[in-house]
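Data first, discussion second: the structure below is written as structure tokens.
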Protein chains: 2
Amino acid sequence: MLDVARTAQVSVATVSALINGTTRVSPALTQRIEAAISAIGYERNAIARSLKLGATNTIGLMVSDIRNPFFTDIVATIQYALNRVGYAVMVCSSDENTELQDMQIKLLLDRAVDGLIIAPAGEDVMLKDFLASVRRPMVIVDRTCEGLDVDTVTLDNRKAVLDATSYLIGLGHRRIGYIAGPLITSTGRDRLAGYRDALAAAEVPYVDELVQDGDSREAGGYRAAMQLLTQRDRPSAIFSANNLMTIGAMRAIRDAGLSCPDDISVACFDDFPWADVFRPHLTTIAQPVQAIGEYAANLLLDRLSGKADEAPRRLVIQGRLIVRESCRALARP
Amino acid sequence: MLDVARTAQVSVATVSALINGTTRVSPALTQRIEAAISAIGYERNAIARSLKLGATNTIGLMVSDIRNPFFTDIVATIQYALNRVGYAVMVCSSDENTELQDMQIKLLLDRAVDGLIIAPAGEDVMLKDFLASVRRPMVIVDRTCEGLDVDTVTLDNRKAVLDATSYLIGLGHRRIGYIAGPLITSTGRDRLAGYRDALAAAEVPYVDELVQDGDSREAGGYRAAMQLLTQRDRPSAIFSANNLMTIGAMRAIRDAGLSCPDDISVACFDDFPWADVFRPHLTTIAQPVQAIGEYAANLLLDRLSGKADEAPRRLVIQGRLIVRESCRALARP
DNA sequence: AATGCTAGTCTAAACGTTTAGAAGACGCTA
DNA sequence: TAGCGTCTTCTAAACGTTTAGACTAGCATT
């Protein structure tokens with residue numbers, strides 16, 4: 001900018017004023033400055049600008065697994081919503097690993113992001129303390145972080161799984177296997193609670209061995225499903241608590257030589273864009289992903305534009321059970 | 001930092017030296033400074049640091065559609081590879097829109113990223129000129145950008161589609177529908193060329209109406225497939241040039257009341273993690289996505305660490321045809 | 001003629017680091 | 001004692017912007 005100013009024989013203040021449109025600049029100087037800018041090929045240094053203005057117009061987004069289509073969608077929506085208003089988005093994925101997660105958040109903070117949107121991988125005490133010490137606007141998405149007083153947007157997981165499980169019970173299923181996500185996440189706990197709610201409401205006894213940990217990954221889903229399928233009294237239905245585990249479970253069903261829904265019924269959390277075209281057509285709980293992303297982005301933008309001190313808002317969205325063809329009604333014995 | 005220095009009664013230079021470990025600092029001062037740091041809760045200002053050092057340790061990554069599982073995977077691998085060595089990644093998605101793409105790249109450059117990895121949406125002249133004027137390390141991935149002298153890593157698209165189409169011809173198919181990606185992309189052109197190569201090699205005539213534009217999105221794939229399926233002399237096989245269009249095509253086949261592979265064979269570009277478990281089990285061309293991402297990251301890191309002036313490198317990776325059950329052999333008439 | 005207003009431009013101080021080179025303290029050698 | 005390293009610490013100048021406030025010139029008003 002100094003070069004431009006010298007070439008145009010004006011002060012840097014005038015150049016700055018012209019570039020930012022903060023003050024009127026006379027036609028004569030405007031012309032000289034513009035000539036100088038294109039002659040030199042000047043580009044404003046964004047770092048110096050950020051330093052002076054104290055904002056980077058960048059926000060950090062951390063999800064627990066960017067390859068999980070649910071989070072991909074979240075990332076895409078948030079990125080779009082924020083880009084539209086001039087924010088760039090720095091993305092990290094913790095791969096469900098709490099150590100990596102800490103590093104990633106530090107990486108983001110070290111880039112001086114103006115705000116943070118986080119879908120936490122777990123809830124270790126470290127993270128909570130750490131996030132509590134971060135003095136920047138922040139919203140937590142998908143999973144909650146107990147005792148952290150920030151804006152959140154989550155699904156009513158308990159209710160959604162209650163509905164799905166009740167649907168299975170309504171079809172006559174009594175032994176319903178459950179493939180669980182990590183119980184250190186709020187989603188893991190809430191979804192399991194929904195399952196138990198449904199059993200309790202129908203007075204179906206809760207059986208410990210019917211609940212298997214699927215680690216929220218495909219491999220875990222496979223293991224958990226195999227465990228369920230090889231039990232002496234095999235469950236007649238399985239509920240899988242997220243999309244990736246569902247893929248694993250379906251692979252296990254295939255490898256076990258079983259067929260869905262003839263041999264076993266399956267319902268699961270998270271919808272797939274292809275669920276109605278590839279067989280079996282899965283019965284799923286769909287999350288309004290776009291809405292979740294939009295809400296999260298808006299909550300953060302609100303904080304960013306001054307409403308920093310208001311009480312935290314907690315948005316809870318409802319899921320939707322989509323009944324397809326992967327669950328069959330059981331004949332009464 | 002000034003506060004810390006004052007509290008510890010040393011100069012800022014000493015504080016800086018201690019934090020960065022650039023010079024030995026005596027135990028006495030070390031202790032005083034560390035005490036001051038934790039008393040004040042000091043965090044180094046990354047922007048000022050970047051300004052002084054002239055680097056943000058951030059790279060920009062722009063893909064044409066982040067929701068496309070192929071690009072999601074690319075993003076995840078690149079992000080992981082770069083994080084590992086201390087770079088943060090700023091992600092943008094152009095949604096196959098060349099205007100949006102220009103904006104996004106400007107957004108990235110305006111955040112002073114140290115380098116760029118780009119999967120271009122199209123090849124408008126604008127973009128080429130624009131990228132040519134960007135004086136920062138850059139690598140182009142997946143699609144090429146004719147006449148732009150930068151590092152690239154791409155798949156041997158032509159060969160891959162040649163193989164797949166030849167496979168269909170080998171099964172006895174003669175009327176093979178082709179759902180094409182946008183011809184303004186190099187992948188769109190190369191893949192179509194592979195299709196024509198295969199036809200030519202087998203002396204099967206090329207029929208214009210068998211090639212339909214699918215726009216590389218699901219909806220486009222649906223439209224294109226419908227067009228093919230409703231022709232008076234319906235093709236016996238369809239090749240779909242990317243994953244999203246394949247979903248659309250399968251939906252069209254279902255809506256047309258047809259069954260794959262009984263009524264129509266399908267092969268496609270891009271593998272799905274669930275391709276071997278949901279029916280029909282699709283025959284696909286798998287791209288070594290991880291490798292592509294790693295290569296791209298490494299090319300950029302090489303540039304970033306000084307090798308700025310070497311001749312551009314162009315990596316071409318081979319795809320792999322995975323034969324499953326979505327194509328049936330045609331009985332000779 | 002003195003005063004005030006307006007529009008355009010400039011000066012200079014920030015923003016919070018890094019770092020070259022100066023300076024001081026100390027001990028060792030001649 | 002003078003000279004010379006070595007080790008530690010400091011001073012001060014960058015890095016490239018933004019912006020408050022000063023200044024000037026021109027013009028209208030009193």
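Everything numeric here is computed off the predicted structure, so don't read it as measured data.
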Worksheet entry | Side-chain touch Glu34(A)/Leu18(A), heavy atoms, less than 4.5 angstrom | yes

Item to complete: Would you check if the side chain of Arg143(A) reaches a backbone N or O of Ser64(A) as a donor-acceptor pair within less than 3.5 Å?
Response: no

Discussion item. I'd like to know if Asp302(B) and Arg313(B) make a salt bridge, using a cut-off of under 4.0 Å between side-chain N and carboxylate O.
Written reply: yes

Worksheet item: Does Arg49(B) have any side chain to side chain contact (heavy atoms under 4.5 Å, CB included) partners at least two apart in sequence or in another chain, and if so, which?
Response: Asn20(B), Arg44(B), Leu53(B)

Worksheet entry | Strand-adjacent residues in residues 36-48 of chain A, judged by heavy atoms under 4.0 Å from DNA chain D | Tyr42(A), Glu43(A), Arg44(A), Asn45(A), Ala48(A)

Practice prompt. Indicate yes or no for a side-chain donor-acceptor contact from Ser305(B) to the backbone of Leu301(B) under 3.5 Å, with no hydrogens or angles considered.
Written response: yes

Worksheet item: How does each nucleotide of nucleotides 20-27 of chain C score, in 5' to 3' order, for protein heavy atoms under 4.0 Å: base (B), sugar-phosphate only (S), or none (-)?
Response: --------

Item to complete: Could you check which residues of residues 49-56 of chain B get a heavy atom under 4.0 Å from DNA chain D? Sort them by number, please.
Response: Leu51(B), Lys52(B)

Fill in: Residue among Ile74(A), Thr187(A), Thr185(A), Ile292(A) satisfying side-chain contact (heavy atoms from CB on, under 4.5 Å) with Asp142(A)
Thr187(A)

Discussion item. Does Ser216(A) form a side-chain contact (heavy atoms from CB on, under 4.5 Å) with Glu96(A)? I'd like the steps, not just the answer.
Written reply: CA-CA 9 Å; Ser216(A) 90; Glu96(A) 303 283 0; 3.4 Å; yes

Worksheet entry | Whichever of Thr22(A) and Val12(B) has its nearest DNA chain D nucleotide further upstream toward 5' | Val12(B)

Response to the item:
Footprint ends on DNA chain D, 5' to 3', for atoms under 4.0 angstrom from a heavy atom of chain B, come out as dT8(D) to dG16(D)

Worksheet entry | Approximate separation, where rounding is to 0.5 Å, of Asn68(A) CG and Phe71(A) CZ | 6.0 Å

Worksheet item: Does Leu304(A) reach the side chain of Tyr87(A), with side-chain heavy atoms less than 4.5 Å apart?
Response: yes

Worksheet item: Applying the side-chain contact (heavy atoms from CB on, under 4.5 Å) test to Val153(A), which of Ile140(A), Asn298(A), Leu315(A) qualifies?
Response: Leu315(A)

Practice prompt. Could you check whether Ser16(A) gets within reach of a base, just the sugar-phosphate, or nothing at all, counting any heavy atom under 4.0 Å?
Written response: base

Item to complete: Spell out, as yes or no, whether a donor-acceptor pair under 3.5 Å connects the side chain of Arg303(B) to the backbone of Leu299(B).
Response: no

Response to the item:
Students should find that the end-to-end axis angle of the helix from dA1(C)-dT30(D) to dA30(C)-dT1(D), with five pairs defining each axis and rounding to 10 degrees, is 70°

Practice prompt. Indicate yes or no: does Asp149(A) engage Arg314(A) in a salt bridge with an N to O separation below 4.0 Å.
Written response: yes

Worksheet item: With a 4.0 Å cut-off, would you call Arg136(A) and Asp114(A) a salt bridge?
Response: no

Worksheet item: Is Arg111(A) reaching over with its side chain to a backbone N or O of Ala46(B), donor-acceptor style, under 3.5 angstrom?
Response: no

Worksheet item: Nearest heavy-atom pair of Thr58(B) and Met90(A): which atoms, and what distance?
Response: CG2-CE, 3.9 Å

Worksheet item: Which part of the nucleic acid, if any, lies within contact of Leu29(B), taking any heavy atom under 4.0 Å across all strands shown: a base, the sugar-phosphate backbone alone, or nothing?
Response: sugar-phosphate

Worksheet item: Could you state the CG-C1' distance from Leu18(A) to dA7(C), rounded to the nearest angstrom?
Response: 16 Å

